[in-house]
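Being a predicted model, the structure only gives us computed values, none of them experimental. For this chain, numbers begin at 1 and follow the sequence in order. All values below were derived from every heavy atom in this structure, side-chain atoms included, with hydrogens, water molecules and symmetry-related copies excluded.
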Amino acid sequence: MPILLRSWILRSCLVTRSLMQLPRVRQCTGRVLTLASGEAVVRVAGCGLCGGHQATLIHHSATLAKKRKGRDEKHAIHVNPKPKKSEVVSIWKNMTVQQLAEALNTDLDTVFELLLYVEDSDSYDEPHSPIDNLRVSQDAVKKAGLRFRITNPVDDTHTREEKNKDAFRRPPPQEEELVRRPPVVTIMGHVDHGKTTLLDALRHSSIVDTEFGGITQHIGAFSVKLDSGEQVTFLDTPGHAAFGAMRARGATVTDVVVLVVAADDGVMEQTQESIKYALQAQVPIVVAINKIDKPEADIERTKRMLLGAGLQLEEAGGDVQAVGISALHGTNLDQLVEAVVMQAELLNVRADPKGLVEATVIEARVDTGRGKVVTCVVQRGTLRRGAVLVAGTAWGKVRNMFDDTGRPIQAAPPATPVQIIGWRQLPSAGDLVLEVESEHRAAEVVGSRQHQEIEVKMAEDEVAIKQKLEEHLRVYRAQLEEKRRLGIRRKLRSRGPREKEIRDEDTGPRVSIVVKGDVDGSVEAILNVLDTYHSPECHLDLISYGVGEITPSDVSMAEAFKGTIYTFNTRVPDEVRKAAAKSRVAIKEHNIIYHFVDDLKEEISNHLPEKEVEEVLGEANVIEEFIITEGKKKVAVAGCRCVKGSLKKHAVYRLVREQEVLFEGKLSSMRHLKSEVDTIARGRDCGLKVDDEEVRFQPGDTLICYQLNKVKQTTDWDPGF
């Protein structure tokens with residue numbers, strides 16, 4: 001073979017082999033090798049790969065192909081690939097440049113080059129720039145030679161860390177930012193020890209006349225200018241046992257606690273509770289020993305009781321001042337005020353009046369004319385109209401503000417009690433109030449907190465689900481072991497019908513109620529009282545509760561559950577009252593909490609079934625057993641003497657021998673001498689025959705005659721007061 005021909009064949013084989021290794025090679029039929037792009041065709045006549053000795057590389061152009069046509073080309077097999085459909089890309093509004101590159105399956109540089117040929121795309125020059133113009137994304141996909149479809153945004157929470165959108169308190173202020181503010185003083189103590197009377201005497205008012213039953217059932221927030229010229233914010237907490245949460249809340253937002261103790265009663269249960277709350281909050285205490293003008297007042301005994309409760313009075317070497325006063329007659333009030341002011345000066349109470357507001361919710365209620373009204377005490381910043389506030393999962397924009405007397409105010413500096421209207425939802429008493437920048441930010445914070453609550457609830461549900469699953473697996477494994485023990489040919493028979501997944505275990509009597517209160521604190525106290533009910537005899541079902549007046553939906557709900565509506569310090573609209581009467585739904589109105597509880601206890605007692613109570617009528621001693629013949633049977637008869645009460649023939653009898661009951665049932669015969677009688681009096685002899693013919697008697701046995709009476713039950717629920 002000539003050297004020139006050998007080199008040509010070798011070079012052709014190398015070209016063919018290299019082309020076969022290219023990723024763009026699509027097909028080789030032995031004569032034709034087609035590239036994937038369709039740009040060129042390699043016609044192979046023969047080589048080391050295809051069994052020939054020649055390889056020719058030609059262009060796919062139709063014009064050039066005609067010029068090169070020859071004998072081999074006439075018999076060549078040309079394979080033309082079908083045009084491939086362009087890929088469909090998902091796009092959406094506000095997708096970033098990075099997301100567009102991922103959708104196109106290319107790099108960022110290529111996308112930026114595409115955007116150079118798209119109009120109005122100059123501003124999208126960063127990887128995380130959102131493309132808010134959907135037409136730009138559409139044109140970019142078209143420039144890439146692909147098709148698009150518009151879809152919902154892709155959730156990329158798995159690729160980026162979710163930032164916490166909640167709102168928090170600001171960092172502590174600098175020393176130079178603090179200014180002096182009025183002290184916040186909370187009046188605490190036992191019920192009916194004179195807390196509200198003391199506040200009336202300090203502010204020269206008559207609040208006690210407006211309290212139902214003479215007891216405070218809300219936290220009252222008042223700004224008082226004392227005769228000394230000092231401005232003080234007072235919080236009056238209820239002393240009733242049901243309002244422990246209110247007392248705890250008052251102790252946490254205060255600077256000084258004035259503990260009112262009656263000189264005639266001394267330290268009582270709620271007094272000790274108030275001391276505990278104040279000590280836990282590390283708040284200084286000033287004791288006001290009230291009612292020293294009463295004849296039975298014993299100041300020294302009261303001081304000893306205070307020492308026993310854990311308060312170190314100044315007289316005993318401690319730091320707690322105790323002042324004897326009479327709030328009703330104004331005795332020694334100036335000394336009490338001086339002690340409070342001195343304690344406030346020692347504390348040097350100050351606050352930052354600038355920046356975003358921080359406050360605490362004292363009360364929340366629904367007013368018929370003004371809507372949702374929230375009473376707060378400002379702790380930091382100065383609250384003004386138009387501020388956007390967040391409290392718990394509620395937010396609102398301050399539409400108007402009022403002081404404790406109901407007069408409109410324009411600004412509320414620190415330590416000012418203020419009533420705020422403009423809330424979208426009603427917050428709970430004790431919630432922290434924070435000012436945010438905008439309504440959008442407020443909705444974002446509330447949404448974040450609601451999401452956190454859902455996550456907590458899901459975590460709790462997950463624990464319950466795991467416990468249920470473990471219980472199911474335990475039963476299943478036990479059944480599986482039993483099946484394996486019996487062998488493969490034996491089947492486990494089902495034992496009874498399949499159990500229900502959801503079972504209602506409360507099959508007894510049920511009392512369903514709807515509770516509506518005037519303020520959030522009162523509803524909270526009522527719910528705390530209801531939580532103490534755990535009697536299995538009757539189920540207490542709280543259908544719904546809320547703040548404000550009764551609505552038609554409350555009536556409809558009570559009607560559906562055959563329940564009763566209980567109101568506390570709220571007005572019942574006439575149209576709602578008519579709807580309730582038409583639906584036969586009872587509405588019970590109360591202003592005092594222990595009247596509320598007494599009514600509910602009576603309602604529960606009315607639903608309890610009557611129970612049978614045994615009433616003993618008489619008692620007889622067996623003297624001798626007699627065997628008589630009735631037909632062909634021999635029957636035992638007890639010869640008895642009535643020793644207590646009287647014996648009734650149709651009553652129930654119990655035969656007792658050595659403290660063991662041998663028979664309990666009816667008599668078949670009662671005779672005196674030979675006559676059948678219905679009653680045997682005390683001291684008379686008789687013959688008694690019971691229904692059971694197998695019963696035998698012995699001298700010394702006792703027959704007790706009694707009857708069962710149905711008696712109305714009373715619930716044993718004790719709410720603690």
Side-chain angles (χ1 to χ4, degrees), residues 185-204 206-209 211 213-217 226-227 234-244 246-248 250-251 254 256-281 283-343 592 594 720-721:
V185 179
T186 300
I187 300 179
M188 305 177 70
H190 192 74
V191 63
D192 199 29
H193 276 199
K195 300 181 296 298
T196 307
T197 305
L198 172 60
L199 185 59
D200 285 341
L202 293 174
R203 70 191 299 240
H204 308 293
S206 56
I207 301 173
V208 72
D209 295 338
E211 298 287 357
I215 62 173
T216 300
Q217 300 177 113
L226 303 176
D227 295 336
F234 282 100
L235 303 180
D236 183 18
T237 64
H240 197 274
F243 298 94
M246 288 190 182
R247 287 190 293 277
T254 189
V256 180
V257 169
V258 174
L259 182 65
V260 180
V261 185
D264 55 343
D265 288 341
V267 175
M268 305 295 286
E269 183 178 355
Q270 274 70 61
T271 310
Q272 295 177 343
E273 190 182 62
S274 301
I275 294 173
K276 181 187 71 173
Y277 291 142
L279 294 178
Q280 287 178 352
V283 178
I285 300 174
V286 175
V287 179
I289 303 177
N290 194 19
K291 303 183 181 181
I292 61 174
D293 55 321
K294 298 185 72 172
E296 57 271 22
D298 191 343
I299 300 177
E300 295 302 322
R301 169 178 166 272
T302 303
K303 290 182 178 180
R304 289 193 298 270
M305 295 178 72
L306 289 170
L307 289 171
L311 290 184
Q312 299 298 320
L313 303 180
E314 285 185 341
E315 301 174 1
D319 56 354
V320 177
Q321 301 182 66
V323 182
I325 65 168
S326 173
L328 187 62
H329 298 93
T331 307
N332 296 336
L333 289 185
D334 53 345
Q335 298 181 19
L336 178 63
V337 170
E338 182 181 352
V340 172
V341 172
M342 183 180 67
Q343 189 67 56
I592 303 173
Y594 52 79
F721 55 85

Polar side-chain atom of Ser326 near backbone of Asp293 as donor-acceptor pair, under 3.5 Å
no
Under a 3.5 Å distance rule, please check whether Lys195 uses its side chain to pair with a backbone N or O of His190 as donor and acceptor.
yes
Of all heavy-atom pairs between [X] and [Y], which one has the smallest distance, and what is that distance?
X      : Y      : result
Ala263 : Lys291 : CB-O, 4.0 Å
Ala288 : Ile325 : CB-CD1, 3.8 Å
Thr271 : Gly266 : OG1-O, 4.4 Å
Ala316 : Leu307 : CB-CD2, 3.9 Å
Ala201 : Ala327 : CB-O, 3.7 Å

Hey, could you give me the [atom1]/[atom2] distance between [X] and [Y], rounded to the nearest 0.5 Å?
X      : Y      : atom1 : atom2 : value
Leu199 : Leu235 : CG    : CG    : 9.5 Å
Gln321 : Leu313 : CD    : CG    : 10.5 Å
Ile289 : Asp264 : CD1   : CG    : 12.0 Å
Gln270 : Met188 : CD    : CE    : 10.5 Å
Lys294 : Asp265 : NZ    : CG    : 7.0 Å
Tyr277 : Thr254 : OH    : OG1   : 15.5 Å

Compile the donor-acceptor pairs under 3.5 Å between side chains in residues 331-343 and protein atoms, sequence neighbours left out, one pair per line.
residue : atom : partner : partner atom : Å
Asn332  : ND2  : Gly324  : O            : 2.7

side-chain hydrogen bond (donor to acceptor under 3.5 Å, both in side chains) pairs, two or more places apart, involving residues 299-308
Lys303-Glu315
Taking the side chain as every heavy atom from C-beta outward, state whether Leu311 and Leu259 have any atom pair closer than 4.5 Å.
yes
